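All values reported here derive from a predicted model rather than from experimental measurement. Letters A, B, ... are given to chains in the order of the sequence lines, protein chains preceding strands, and every chain is numbered from 1.
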Amino acid sequence: MNTLALPADGPLRRLSTRLIGGPRLMLFLLLAPPLAWLGIIYLGSLFALLAQSFFSIDEFSGVVVREFSFATYREFLGNPSNHDIVLRTVTMAACVTVACAVIAFPIAYYSVRFAGPRLKALIYLGVMLPLWSSYLVRVYSWKLILAREGIVNWFANALGLGGVLEAVLELPVVGGPSLSTSHLGTFIVFVYIWLPFMILPVIAALERVPASVIEASGDLGARPRETFRRVILPLAFPGIVAGSIFTFSLTLGDYIIPGIIGPSTPYLGQAVYAHQGVAGNIPMAAAFTIVPIVIMGAYLALAKRLGAFDAL
Amino acid sequence: MRSTTAGAATPAVAFHSVSRSFGDVLAVREVSFEIADGEFFAMLGPSGSGKTTCLRLIAGFEQPSGGRIEIHGDDVSGTPPYARDVTTVFQDYALFPHMSVGENVEYALMIRKVAKAERRRRAGEMLELVRLAGLYDRKPAQLSGGQRQRVALARALINRPRVLLLDEPLGALDLKLREQMQLELKSLQRSVGITFVYVTHDQGEALAMSDRLAVFNHGRIEQIGSPADVYDHPASAFVAGFVGQTNLVEGYLAQRLGGFPGNYAIRPERIRIVAPDAPVEPGWACIDGTVVSTTYLGASVRVQVAVEGGELAVIEQNLDGGPTRAGRGPGAVVQLQVERRHVQALAASAG
């Protein structure tokens with residue numbers, strides 16, 4: 001012990017005394033680097049981008065005019081195809097979120113309430129495993145799975161359900177020439193890719209519901225269905241909202257899946273990507289970026305009221 | 001479900017050689033007992049002795065692996081918890097965290113679709129009964145442990161179950177509050193006249209509150225009786241040791257104090273310490289010994305005395321004040337006397 005002790009009056013000892021005596025100083029030293037990172041590099045660049053949206057682009061020269069104006073927003077709001085992009089993306093994000101919740105809940109419920117420790121570990125692994133492989137590989141695999149020559153089509157035909165698949169693909173809006181080039185295909189792949197982000201918070205929320213609370217409900221006369229509706233679902237709901245923050249925001253910002261699978265109609269992320277890249281219209285890209293930020297801001301405010309942050 | 005022919009003599013709860021196994025583990029082994037209507041019945045035992053499983057069998061959270069359970073004369077095999085006229089107060093209270101205190105209390109009425117005004121009125125009454133009037137709108141998280149306990153009681157009692165099951169309901173409270181709640185629960189039980197089945201590992205609690213108690217060990221009941229019965233006439237060494245403190249004697253000492261060879265239990269407070277040459281009254285046994293140590297307990301003093309063939313604990317009322325009486329210090333030579341009727345012969349403990 002003695003060999004480890006600092007000299008009684010050395011500068012290190014004085015520093016250590018000051019750190020232990022003043023927890024605020026300690027806290028400041030520990031927090032300063034990450035806060036600087038967050039403040040300067042993350043928020044700073046975000047605001048730099050947002051500031052760009054108040055610049056405009058010279059139509060003839062294509063040069064960014066660094067003067068404050070609402071010209072970009074006027075152009076953004078004045079173009080009906082932009083409205084379509086926002087509407088399409090938000091609708092897709094909402095549909096994906098609802099589908100993820102519907103699929104995730106039974107899986108999470110089963111794993112928490114009924115599965116034994118080994119099966120539970122397997123379910124966890126099954127949920128997590130896809131997250132450890134490449135996102136691009138998984139998306140391209142789905143392109144093959146959903147293609148006209150793909151396994152889904154083959155399987156449907158083998159079961160004699162080829163007609164059903166055709167009928168689905170003929171539906172307006174969601175349909176298309178094949179699953180891999182329809183909105184339905186985009187939807188399926190979005191749901192697949194973001195599903196783990198819904199399952200995990202729902203599992204976390206359900207695990208926090210004590211078994212005795214569920215027993216108490218039955219004990220007081222509630223049938224299992226009522227117990228589910230009045231006790232289990234309300235207690236798991238913050239977890240569903242927490243999961244929906246992920247599925248909604250991730251769908252809102254993704255530009256790869258709709259580029260690979262679906263009818264090539266643009267989504268928000270793709271619009272940002274296109275404007276800042278080939279078009280070199282950074283102000284317009286920045287204006288597009290504002291949209292998901294505003295939507296997510298509203299969404300998070302709502303989620304907070306629903307108690308989602310207690311369930312994360 | 002309730003049988004209309006059930007007379008006054010029908011027990012509230014009856015177990016007929018009920019067993020419950022979890023895999024290879026036999027939690028309850030062919031247990032039979034009856035709980036009378038309106039009785040305060042305690043199930044006492046160490047953890048893992050099967051008492052909580054028995055409670056859960058009555059509630060319907062567990063189904064027996066063998067045997068039959070009757071509640072007010074009806075065989076409840078296969079009856080789910082929601083269809084049984086019994087309610088449980090859980091050890092962790094199991095209040096619904098997303099509902100207010102009032103909504104928790106009203107829950108059973110809401111499930112039975114009682115009108116809102118009526119619900120609210122009865123919840124108010126129940127909250128008054130457990131002295132929580134005015135806390136209707138609070139959330140359980142805003143309450144203290146003792147208050148949550150009362151909410152759980154009010155919630156369980158609002159629908160007037162015929163049997164109330166309490167699973168170590170005072171276990172999470174501190175000592176002072178626990179003693180106060182013991183009194184309150186006992187008087188509550190008298191005033192509502194509902195059968196209480198009370199699981200506890202605290203022998204003092206069981207003795208203080210129950211009309212009768214069952215001592216569980218290794219999934220079996222070692223003894224059932226009134227608190228005085230069980231304390232004064234323990235049926236086995238386990239009961240003698242678990243309920244109160246006891247001196248278990250065998251061999252020479254047993255022969256000397258009990259008169260016959262065998263196993264005996266002697267309560268420490270039944271032994272008196274007298275001068276070495278004090279006369280022995282008829283019907284009393286005596287033995288000489290040397291004081292080993294004394295422990296000051298406040299209301300009493302525990303004296304450990306070495307005697308031929310072993311050591312005996314004696315508890316003396318602290319009548320004089322001070323840590324030890326004169327002539328009771330370590331090394332003092334004393335005579336111990338005990339009335340023979342307090343030397344309890346024991347059957348060998350099962351398990």
Side-chain angles (χ1 to χ4, degrees), chain A residues 101 105 108-109 112-121 201-245 302-312, chain B residues 1 23 52 55-56 58-62 79-100 103-114 119 123 126 139-141 148 151-161 163-169 172:
Chain A
F105 195 88
Y109 190 69
V112 172
R113 296 276 297 151
F114 299 108
R118 285 177 64 91
L119 186 58
K120 191 179 268 186
V202 176
I203 284 182
L206 282 173
E207 270 184 345
R208 254 178 287 174
V209 181
S212 64
V213 167
I214 295 167
E215 283 178 349
S217 172
D219 195 55
L220 293 165
R223 284 159 191 279
R225 181 190 295 250
E226 277 170 303
T227 298
F228 181 80
R229 189 164 68 90
R230 298 196 182 274
V231 176
I232 298 170
L233 201 57
L235 290 177
F237 191 66
I240 298 173
V241 177
S244 79
I245 295 171
L302 183 71
K304 187 169 171 4
R305 292 196 53 182
L306 294 172
F309 297 106
D310 307 327
L312 275 175
Chain B
M1 295 306 297
T52 298
L55 196 81
R56 294 174 60 81
I58 303 173
F61 303 137
E62 310 280 353
T79 309
Y82 60 80
R84 295 188 183 198
D85 200 3
V86 300
T87 322
T88 310
V89 175
F90 291 83
Q91 188 172 10
D92 62 355
Y93 317 137
L95 299 179
F96 305 123
H98 57 300
M99 298 181 193
S100 71
E103 287 167 335
N104 265 283
V105 174
E106 286 177 8
Y107 190 79
L109 301 181
M110 184 194 68
I111 293 298
R112 281 169 183 77
K113 308 217 165 18
V114 174
R119 260 169 23 204
M126 287 316 297
K139 280 284 171 75
R148 279 181 222 179
V151 175
L153 263 173
R155 183 179 71 173
L157 286 172
I158 195 162
N159 216 33
R160 294 230 146 226
V163 181
L164 186 71
L165 310 174
L166 302 107
D167 185 8
E168 308 226 4

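- Looking at every heavy atom in both residues, A/Ser217 comes nearest to B/Tyr107 through OG-OH, 2.7 Å.
- Proximity to chain A (any heavy atom under 4.5 Å) is shown, for B/Asn159, by neither the backbone nor the side chain.
- For B/Arg112, the CZ atom sits in a packed shell: over 12 heavy atoms of surrounding residues, nucleotides or ligands are nearer than 6.0 Å.
- Put simply, CG on A/Leu233 and NE2 on B/His98 are 9.5 Å apart, with the number rounded to the nearest 0.5 Å.
- To the nearest 0.5 angstrom, B/Glu103 atom CD is 10.5 Å from A/Arg230 atom CZ.
- Within the 4.5 angstrom heavy-atom criterion, only backbone atoms of B/Leu95 (N, CA, C, O) approach chain A.
- Atoms CD1 and OG1, on B/Ile111 and A/Thr227 in that order, are 6.5 Å from each other to the nearest 0.5 Å.
- The structure places CZ of A/Arg225 at 11.0 Å from OH of B/Tyr82, a figure rounded to the nearest 0.5 Å.
- Shown here for B/Ala156 and A/Leu220, the closest heavy-atom pair between the two residues is CA-CD2, 4.4 Å.
- Among the candidates B/Arg155, B/Met99, B/Gln91, the residue making the largest number of heavy-atom pairs closer than 4.5 Å to chain A is B/Arg155.
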